[in-house]
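What follows is a set of notes on a single structure, which appears directly below.
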Amino acid sequence: MKVCKFGGTSVASAEQIKRVVAIIKSDPTRKIIVVSAPGKRFPEDEKVTDLLIKLASAAETNHDIEEELEAVIARYRLIAQGLNLGESIISIIETDLRNRIASNREDKTLFTDCIKAAGEDNNAKLIAAYLQHIGIEARYACPKESGLLVNSRPERVRALDEGYDRLEKLKDEPGLIVFPGFFGFTKDGTLRTFNRGGSDITGSIVAAAIRAELYENFTDVDSVFTANPTIVDQPVAIKTMTYREMRELAYAGFSVFHDEALMPAFLRSVPVCIKNTNNPDALGTMIVKERDHSFQPVIGIAADSGFSTLFVYKYLMNQEIGFGRRLLQILEDEGIPFEHTPSGIDNLSVIIRSKHLNEENSERMVRRIKEELEADDVKLRNTNYSMVVLVGEGMRHTTGLAARAATAISRTGANIEMINQGSSEVSLVFGVDKKDENKILRELYTEFFQESPLYT
Ligand code: ASP
């Protein structure tokens, strides 16, 4: 039994939904379909989720919401018309949206979550209605009734294992199940959405719960590539990679699969396949527990920017018990998460995503580190720093890879400001100036992929 997730572009229009249906019909083991909200039909288009965010903010500020509401309904109406569905599904969607707008607004985040989730929820209802209309046995599954449980605020939203037993029952139901992505419910029945792009997470949870033989994640590319195709010309496609490799690449900017979506599938060893709705015959990329990495130690190269560095220097830091803990406690107090902490004997750098910093918390953090930890020097370089990441399970067993990467970077004339390799050795991270990012990516690609005999 397979779980298939279709992303926003795959369900953005009636034509795309017809392709989805053809894919489902071609394989009877495709049992549960997890859907996103309608996404972009062309580059300048707006995703329904973004339209819903606008609707939520109009409602919160007590503006007239009719224009924003109509923009959302118009998208569904166009889809329904293209699928020859009558007006009844549109009135179901309109009533649903108006009920959400009338719901409790006390907690702004929860109110926005409730409106945002309407994108996938109504799309799942519409697609189930279409399947029934063309004579396929199918039903919409409500995440609340099916048991997709999540934790409560204020923590970051994540699924609770307790819901898995109930979700598992979906597999015994007759016909196809159409399940909306992106949200779940707390034990007291409050709706919470995952982070943006979170329908991938729903798909992974459902696939893990029913112990699917495969979780197929349909998107708009043929596979995951070894590098970003907008930077490197025609990069090689990845046929097989491990969960850990995908996690590292997703973290560093490979947006093809959500980095939070791997864990549920990984824990129950459900293989994941990334496939293209517009080219379903292409093999796609398989994500599995282990791969033979003897010929291909490096699987991909990624980069992400928007990082700042907090540099802390204190003479004899290495001998001061509790220094690191107290430093990180200050970050915790300020609600600032950190990414990496490369260190020397008297200094420590903390790499932070700049989006978590503002003038106030930066000033307080620096002042507190100087005063409370009596640091000799504290500097926050709020630059647009980039992390270039080389990823591959085979790095653990291959000597000289770091040297090859550093030599390749030196050929670009760029300066490496930081190097970090975790003991798992699945990734090697280079902190560089944003302006050098693309040329470094191209040079690393040449070094590890174009000159490798495997790819010639
Ligand atoms: N519709 C949501 C978003 O645009 C979730 C998803 O598509 O996965 O982020």
Side-chain angles (χ1 to χ4, degrees), residues 3-13 16-17 19-20 32-57 68 71-76 79 93 96-97 100 109-127 140-141 143 148 150 156-159 178-185 191-208 215-221 224 246 250-251 253-265 272-278 287 355:
V3 171
C4 311
K5 179 258 166 177
F6 292 92
T9 52
S10 305
V11 288
S13 64
Q16 287 298 89
I17 291 174
R19 285 177 200 256
V20 166
I32 302 181
I33 306 141
V34 176
V35 295
S36 282
K40 291 187 180 193
R41 293 157 293 180
F42 42 87
E44 310 75 42
D45 199 13
E46 275 192 280
K47 293 179 174 188
V48 164
T49 308
D50 291 319
L51 296 175
L52 287 164
I53 292 170
K54 285 188 184 160
L55 174 62
S57 85
E68 285 80 3
V72 177
I73 296 171
R75 284 293 302 270
Y76 287 109
I79 296 174
I93 293 173
D96 171 78
L97 287 165
R100 287 174 197 258
T109 306
L110 292 178
F111 176 68
T112 308
D113 279 3
C114 174
I115 306 277
K116 273 195 295 190
E120 348 294 285
D121 206 29
N122 286 305
N123 215 20
K125 286 179 193 158
L126 188 153
I127 291 170
Y140 152 83
L148 203 158
V150 297
R156 180 182 66 78
V157 60
R158 61 184 165 74
V178 188
F179 199 100
F182 196 32
F183 65 97
F185 288 85
L191 185 156
R192 292 189 77 191
T193 54
F194 295 114
N195 282 339
R196 289 301 303 267
S199 299
D200 287 351
I201 307 173
T202 306
S204 184
I205 293 164
V206 174
Y215 169 31
E216 292 179 309
N217 194 286
F218 282 90
T219 176
D220 50 10
V221 288
V224 182
M246 186 68 234
Y251 164 80
F254 274 36
S255 56
V256 70
F257 193 59
H258 200 295
D259 65 344
E260 291 175 42
L262 284 157
M263 201 39 100
V272 181
C273 187
I274 309 287
K275 286 182 80 81
N276 190 351
T277 303
N278 301 321
I287 306 171
K355 67 178 180 192

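Indexing begins at 1, ligand by ligand and atom by atom, following the structure's order. Remember, it's a predicted structure, so these values are computed and weren't measured experimentally.
- Looking at heavy atoms from C-beta onward, F6 lies out of side-chain contact with S36 at the 4.5 angstrom threshold.
- A donor-acceptor distance shorter than 3.5 angstrom exists from the side chain of R75 to the backbone of A12, with no hydrogens or angles considered.
- G7 does not count as a contact of ligand 1, since none of its heavy atoms falls under 4.0 Å from the ligand.
- Here the protein heavy atom with the shortest distance to atom 6 (C) of ligand 1 is S199 OG, 3.4 Å.
- Heavy-atom separations between G198 and ligand 1 include at least one value shorter than 4.0 Å.
- Of the heavy atoms in E120, only side-chain atoms (C-beta onward) come closer than 4.0 Å to ligand 1.
- Not one N or O on the side chain of D121 forms a donor-acceptor pair closer than 3.5 Å with the backbone of A117.
- Partner of Y215 under the side chain to side chain contact (heavy atoms under 4.5 Å, CB included) criterion, out of I287, D200, V206: D200 alone.
- For atom 3 (C) of ligand 1, the nearest non-hydrogen atom of the protein is R196 NE, 3.3 Å.
- The side-chain heavy atoms of N217 and K5, taken from C-beta on, include a pair separated by under 4.5 Å.
- For the pair L97/L52, a side-chain contact is recorded, criterion being any heavy-atom separation below 4.5 Å from C-beta on.
- Of the N or O atoms in G197, one or more lie within a sub-3.5 Å distance of an N or O in ligand 1.
- Among all protein heavy atoms, the one lying closest to atom 7 (O) of ligand 1 is S36 OG, 3.1 Å.
- Looking at atom 2 (C) of ligand 1, its nearest protein heavy atom turns out to be T49 OG1, 3.5 Å.
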